[in-house]
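All figures in this text were calculated on a predicted structure; none of them were measured in a lab. Hydrogens, waters and symmetry mates play no part in the numbers below; they use all other heavy atoms, side chains included. In this chain, residues are counted from 1 in sequence order.
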Amino acid sequence: MKKGIVIFMSLLFLMAVAACGNKEEAPADKDQTTDVEEAMEDDVEVENEEDPQANEETDETAESGGTEQVKDCDENAATNTNGGASTSGSSAADCEEDEKTTGTNTSEAKADGWKKPDKIDNMNHLEIVHLAYDIFEAQDKRDYAFLESIAAEGTTVDRKNNKFKFENVTYPFEMEFFTKEDLGELEFRYTHEEDGVVYVGFGAIDYENESSFVVDFEFVKEGGKWKMRSMDINK
């Protein structure tokens with residue numbers, strides 16, 4: 001009987017010890033769970049702190065994209081000018097389209113020395129001087145209809161051979177059409193009126209070859225309009 005009581009008490013003791021052990025381990029599990037949750041919250045806070053910087057970098061990249069693209073176009077233009085092939089991926093057509101969009105087109109027209117003067121010494125002859133410029137342009141462009149419309153009596157236009165025939169002058173002669181290559185830069189020189197004839201002079205200057213000559217016009221009035229009677233070279 002005593003032996004049975006001892007065994008029973010031993011079992012109760014072991015059960016009590018086991019129950020106490022479970023109670024002591026529970027707080028440890030709770031502490032471990034708390035540590036894991038705090039670590040996860042720290043990770044979230046770190047990610048939130050890094051996101052604004054990433055956004056700022058994205059915004060800066062977007063803002064600088066236009067500048068970098070223009071720079072690429074400039075570098076490509078410089079490369080192509082030197083005879084090289086562009087490898088940056090931006091084509092000349094793309095750069096031209098960008099320039100049209102942004103209004104940064106830097107191309108400028110070259111002066112050809114054919115600009116009509118706004119003022120001359122004798123303003124009464126300004127209309128005739130402008131007519132002479134138009135005649136130069138018409139010869140270069142082979143505008144036969146215009147040349148025939150301003151030809152005075154005794155002056156004819158040879159369309160087939162691109163030349164003038166002047167008959168109503170002291171010594172009849174022929175003169176081939178001028179081109180811009182022939183004339184180079186034009187420099188208005190003078191006008192002079194005598195016996196109803198207006199004389200207009202131009203200097204044709206070739207700076208590259210260091211040469212020049214003078215083109216002399218004679219204009220007369222027919223039917224209320226100024227017409228070209230002669231055009232000659234004076235070297």
Side-chain angles (χ1 to χ4, degrees), residues 76-85 92-93 95-96 99-100 105-123 125-193 197-220 222 225-235:
N76 290 343
T79 303
N80 292 334
T81 300
N82 293 330
C95 291
E96 291 177 358
E99 289 176 351
K100 292 178 182 178
N105 191 347
T106 56
S107 60
E108 296 181 357
K110 294 182 179 180
D112 58 10
W114 286 44
K115 183 179 179 180
K116 297 178 181 178
D118 296 326
K119 295 181 179 180
I120 59 176
D121 291 339
N122 189 342
M123 291 298 290
H125 295 159
L126 184 62
E127 177 188 353
I128 303 173
V129 172
H130 287 181
L131 177 58
Y133 274 98
D134 292 338
I135 293 172
F136 283 129
E137 290 282 356
Q139 291 176 76
D140 183 68
K141 296 178 180 179
R142 302 295 192 264
D143 188 349
Y144 304 112
F146 174 78
L147 294 175
E148 289 172 346
S149 70
I150 55 84
E153 184 179 354
T155 299
T156 57
V157 177
D158 184 349
R159 295 192 177 203
K160 183 177 180 180
N161 297 306
N162 293 315
K163 62 174 60 176
F164 294 106
K165 293 181 179 180
F166 301 108
E167 301 288 342
N168 195 15
V169 291
T170 304
Y171 301 101
F173 66 99
E174 297 181 354
M175 174 67 66
E176 293 183 356
F177 288 178
F178 287 117
T179 65
K180 287 192 175 184
E181 289 73 18
D182 298 329
L183 296 169
E185 292 193 19
L186 282 177
E187 180 182 289
F188 167 70
R189 294 288 177 84
Y190 68 89
T191 63
H192 172 68
E193 186 170 359
V197 180
V198 176
Y199 301 87
V200 182
F202 290 88
I205 306 170
D206 184 348
Y207 289 104
E208 184 177 352
N209 296 316
E210 297 182 352
S211 63
S212 65
F213 57 91
V214 176
V215 180
D216 293 312
F217 285 91
E218 292 183 14
F219 290 94
V220 293
E222 294 181 357
K225 294 182 179 180
W226 288 102
K227 302 292 185 75
M228 181 182 67
R229 186 175 75 173
S230 174
M231 181 188 68
D232 200 0
I233 293 177
N234 182 10
K235 293 185 177 181

Hey, could you give me the [atom1]/[atom2] distance between [X] and [Y], rounded to the nearest 0.5 Å?
| X | Y | atom1 | atom2 | value |
| --- | --- | --- | --- | --- |
| Ile150 | Leu131 | CD1 | CG | 6.0 Å |
| His192 | Asp121 | NE2 | CG | 14.0 Å |
| Phe177 | Arg159 | CZ | CZ | 9.0 Å |
| Asp143 | Ile135 | CG | CD1 | 11.5 Å |
| Phe219 | Met231 | CZ | CE | 9.5 Å |
| Glu176 | Ile233 | CD | CD1 | 9.5 Å |

Do you know the tightest heavy-atom contact between [X] and [Y]?
| X | Y | result |
| --- | --- | --- |
| Pro117 | His130 | O-NE2, 2.8 Å |
| Lys165 | Asp158 | CE-OD2, 4.0 Å |
| Phe136 | Leu186 | CD1-CD1, 3.5 Å |
| Asp118 | Leu126 | O-CD2, 3.5 Å |
| Glu167 | Pro172 | OE1-CB, 3.7 Å |
| Gly203 | Arg189 | N-CG, 3.6 Å |

*asked:* List the residues meeting side-chain contact (heavy atoms from CB on, under 4.5 Å) with Glu153, not counting sequence neighbours, and say none if there are none.
replied: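 For Glu153 the side-chain contact (heavy atoms from CB on, under 4.5 Å) partners, ignoring immediate neighbours, are Glu222.
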Give a yes or no on whether [X] atom [atom1] has more than 12 heavy-atom contacts from other residues, nucleotides or ligands under 6.0 Å away.
| X | atom1 | result |
| --- | --- | --- |
| Asn209 | CG | yes |
| Lys116 | NZ | yes |
| Glu127 | CD | no |

Between [X] and [Y] (side chain of the first, backbone of the second, donor and acceptor by atom type, cut-off under 3.5 Å), is there such a pair?
| X | Y | value |
| --- | --- | --- |
| Glu137 | Tyr133 | no |
| Gln139 | Phe178 | yes |
| Asp206 | Gly184 | no |

*Parallel under 30°, tilted from 30 to 60°, perpendicular over 60°: which one fits the rings of Phe217 and Phe202?*
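Phe217 and Phe202: perpendicular rings.
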*Taking it one step at a time, do Val200 and His125 satisfy side-chain contact (heavy atoms from CB on, under 4.5 Å)?*
CA-CA 9 Å; Val200 182; His125 295 159; over 6 Å; no
*Quick one: which of Tyr171, Phe164, Phe173 gives a side-chain contact (heavy atoms from CB on, under 4.5 Å) with Asp232?*
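It is Phe173, the one option of Tyr171, Phe164, Phe173 that forms the side-chain contact (heavy atoms from CB on, under 4.5 Å) with Asp232.
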*What's the verdict on side-chain contact (heavy atoms from CB on, under 4.5 Å) for Leu183 and Asp140, showing C-alpha distance, side-chain angles and the deciding distance?*
CA-CA 10 Å; Leu183 296 169; Asp140 183 68; over 6 Å; no
*Going through the distances and angles, do Met228 and Phe166 end up as a side-chain contact (heavy atoms from CB on, under 4.5 Å)?*
CA-CA 10 Å; Met228 181 182 67; Phe166 301 108; 4.1 Å; yes
*Any side-chain heavy atom of Glu187 sitting closer than 4.5 Å to one from Val214?*
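No - every pair of side-chain heavy atoms lies 4.5 Å or more apart.
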*asked:* When you compare the side chains of Tyr190 and Asn122, does any donor N or O come within less than 3.5 Å of an acceptor on the partner?
replied: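 No.
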*Candidate pair Thr191 and Ile128, rule side-chain contact (heavy atoms from CB on, under 4.5 Å), full reasoning*: CA-CA 9 Å; Thr191 63; Ile128 303 173; over 6 Å; no
